Amino acid sequence: MLDANLLRNDLDAVAARLADRGYVLDVAAYRSLDERRRAVLQEAEALKAERNRVSEEVGRLKRAKENADALIAQQREVGDKLKALEGAEREAEAAFRDFLAGLPNLPHASVPAGKDEHANVEVKRWGQVPAIEKPLDHVELGTKLGILDLDRAAKLSGARFAVLKGLGAKLERALIAFMLDRQAAAGYEEVIPPYLVNADSMYGTGQLPKFEQDLFKTSRGDGAPLYLIPTAEVPVTNLYRDEILAAEMLPLRHCAFTPCFRSEAGSYGKDTKGIIRQHQFHKVELVAFAAPDQAEAELERLTSNAEAILEALGLPYRRVLLCTGDMGFSSQKTYDLEVWLPSQATYREISSCSWFGDFQARRANIRFRPKDGKPAFLHTLNGSGLAVGRTWVAILENCQQPDGSIRVPEALRPYLGGLEVIR
RNA sequence: GGAGAGAUGGCCGAGCGGUUGAAGGCGCCUGACUCGAAAUCAGGUUUGGGGGUGACCUCAACGGGGGUUCGAAUCCCUCUCUCUCCGCCA
């Protein structure tokens, strides 16, 4: 959520920055909502002040055993007026808040302006793209090796689900343990959060109210619905919702392995082949909480922590700085890491590292107490470190050998009992 | 799932219709004393919204929501969570 004061003081500048990311801010609508809200608020507050004053007087009379009937009658009138205003007050407040909550974050000054992914900027390229004659894709490789079974997965759950078997399952598990160990060593404290969260949590990180159609929603009798997390970012960021952290705790870094669940109703037709885009996948997530003056450096650190996994596995990748039009709703600056996929002869997203400024912190009310000052919103960041399923795909495709076997990256072998080749 | 108890400020803990934003204690901060520290003494110490150039004024918040009342931390309803006992269970 954006700072309402910023909008009030510099509405045109905010509108211009939002326009950079393709969002048209209705300036007039915002102004009238803000003014309406303040007008109603002031009217109601004046009445409440009146009520408080007279109530006190009634109390004084009662204690002195004097008659207060006249005052009480007068109070009833104030109470009625107030009751009449109540609905308007709530409505004005909600309309204002909903409008504000619907605005995406402002892009950081260092983010290139652009309409879509074509304006993204490649800032780094690492590794040697393997020379493979007629590379097979991960579906062919995995199916032939008997470690991937998409047909039976479809029988169980439909499209966009996968079954991993034997060494395929073990490879997935090895990758999870490998990533967690590396990130723990890099200073991230591991957490295992709930995979089902309430609506407040989804609101805190920005999935709700705008993106409910991307989520799996559960129901239970009379209780409030719970949502399956689309990423560990949601429960881990919300860990500190409505809290004030001590400045010494920052930067605070967590890593978490979780399954991720995405409904993505609009995504049919994209990435239909293989397990690039699934309703359920595994991810190791990095989440950081930083003071505002630490946050920009923290984004660089977090991004290189994610890159370190790709480098340790010897997977060629590039780092891309997303342009204003391609960033997620809550982000103010995002780097995507894209891994080379031989079968597609292109780089595909395997990690997305974002700096949210105080956008999420304001929604989730996460603050810190600076050395000698008032509590202030901190900055949140997160990034995949990495998406496990896509790493699995990248290893199969990049490490494939002419006979269809897979060479296991050396760093991973201790996690597979020393196994050198999957065949 | 059944029965009962509870949820108050950074923490502990009183209050159970009328200057209680909240006693008391702990913690923390400032000052005095001291070469310095401890101890002691004095003072201070929640957050958010609105208004004002400013000193400042004002509203809201005692788990969440709703109600009763001139007035609610205090009474009623409801939801959530925690604890104890019983049942069930990976």
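Labels below follow one simple rule: chain letters A, B, ... track the order of the sequence lines, proteins then strands, and each chain is numbered from 1. Not measured: the values here are computed from a predicted model.
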What is the separation between atom [atom1] on [X] and atom [atom2] on [N], rounded to the nearest whole Å?
X      : N      : atom1 : atom2 : value
A:D69  : B:rG71 : CG    : C1'   : 15 Å
A:E66  : B:rC70 : CD    : C1'   : 16 Å
A:E57  : B:rC70 : CD    : P     : 17 Å
A:R369 : B:rG9  : CZ    : P     : 14 Å
A:I244 : B:rC11 : CD1   : C1'   : 14 Å
A:N198 : B:rU80 : CG    : P     : 13 Å
A:D200 : B:rC81 : CG    : P     : 13 Å
A:F368 : B:rG10 : CZ    : C1'   : 18 Å

Considering just the side-chain nitrogens and oxygens of A:R367, establish if one lies under 4.0 Å of OP1 or OP2 belonging to B:rG48.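 Looking at the OP1 and OP2 atoms of B:rG48, one of them is under 4.0 Å from a side-chain N or O of A:R367.
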Under 4.0 Å between a side-chain N or O of A:R37 and OP1 or OP2 of B:rG50?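 For B:rG50, OP1 or OP2 has a side-chain N or O of A:R37 closer than 4.0 Å.
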Taking atom [atom1] in both [N] and [M], what distance in whole Å separates the two?
N      : M      : atom1 : value
B:rG18 : B:rG10 : C1'   : 30 Å
B:rG65 : B:rG9  : C1'   : 22 Å
B:rU8  : B:rG25 : C1'   : 15 Å
B:rC56 : B:rG71 : P     : 32 Å
B:rC89 : B:rG4  : C1'   : 23 Å
B:rG6  : B:rU74 : P     : 15 Å
B:rG51 : B:rG63 : P     : 30 Å
B:rA60 : B:rA73 : P     : 10 Å

Would you call [X] and [Y] a salt bridge, using N to O less than 4.0 angstrom?
X      : Y      : value
A:D34  : A:R38  : yes
A:R17  : A:D20  : no
A:E57  : A:R60  : yes
A:E264 : A:R277 : yes

Does anything in residues 81-100 of chain A come within less than 4.0 Å of RNA chain B? Heavy atoms only, and list the residues if so.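 Per residue number, the list reads A:K83, A:R90.
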So, does [X] use its side chain to make a donor-acceptor pair with the main chain of [Y] at under 3.5 Å?
X      : Y      : value
A:R182 : A:I309 : no
A:N238 : A:S201 : yes
A:E190 : A:L180 : no

As a test of reading the structure: which of B:rG50, B:rU47, B:rG18 is closest to the side chain of A:K62, going by heavy atoms?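 Per side-chain heavy atoms of A:K62, the pick is B:rG18.
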Counting side-chain heavy atoms from CB outward, which of B:rG18, B:rG49, B:rC70 is closest to A:R63?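 Nearest nucleotide to the side chain: B:rG18.
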Contact list (N/O, under 3.5 angstrom) for nucleotides 51-61 of chain B vs protein:
from   : atom 1 : to    : atom 2 : distance (Å)
B:rG51 : OP1    : A:R38 : NH1    : 2.8
B:rC59 : OP1    : A:N52 : ND2    : 3.1
B:rA60 : OP1    : A:R51 : NH2    : 3.3
B:rA60 : OP2    : A:N52 : ND2    : 3.3

Centroid separation under 6.0 Å, is that true for the rings of A:F96 and A:Y30?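 Aromatic pair counts; centres sit under 6.0 Å.
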Quick check, are the ring centers of A:F216 and A:Y195 under 6.0 angstrom apart?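 No: the rings miss the under 6.0 Å criterion.
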Parallel, tilted or perpendicular, as decided by the 30° and 60° cut-offs, for the rings of A:F178 and A:Y415: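 Aromatic pair A:Y415/A:F178 classed perpendicular.
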Would you call the rings of A:F289 and A:Y240 parallel, tilted or perpendicular if under 30° counts as parallel and over 60° as perpendicular?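 Answer is perpendicular, since the angle exceeds 60°.
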So which one's nearest nucleotide on RNA chain B is more toward 5', A:L41 or A:R76?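 The residue mapped nearer the 5' terminus is A:L41.
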Secondary-structure string, 5' to 3', Watson-Crick or G-U under 3.5 Å, | for another-strand partners, for RNA chain B: ((((((((.[[[..)..(.....]]]((((((.......))))))((((((....)))))).[[[[[..)....]]]]])))))))....
Determine, stepwise, if the pair A:H282 / A:L175 fulfils side-chain contact (heavy atoms from CB on, under 4.5 Å). CA-CA 10 Å; A:H282 294 150; A:L175 282 168; over 6 Å; no
Just checking, A:R363 and A:Y203: is the charged tip under 6.0 Å from the six-membered ring centre and within 45° of the axis?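 Because its charged atom sits under 6.0 Å from the ring centre and within 45° of the axis, A:R363 does stack over A:Y203.
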With a 4.0 Å cut-off on heavy atoms, is A:V58 in touch with a base, just the backbone sugar-phosphate, or nothing at all?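 Base contact - A:V58 has a heavy atom under 4.0 Å of at least one base atom.
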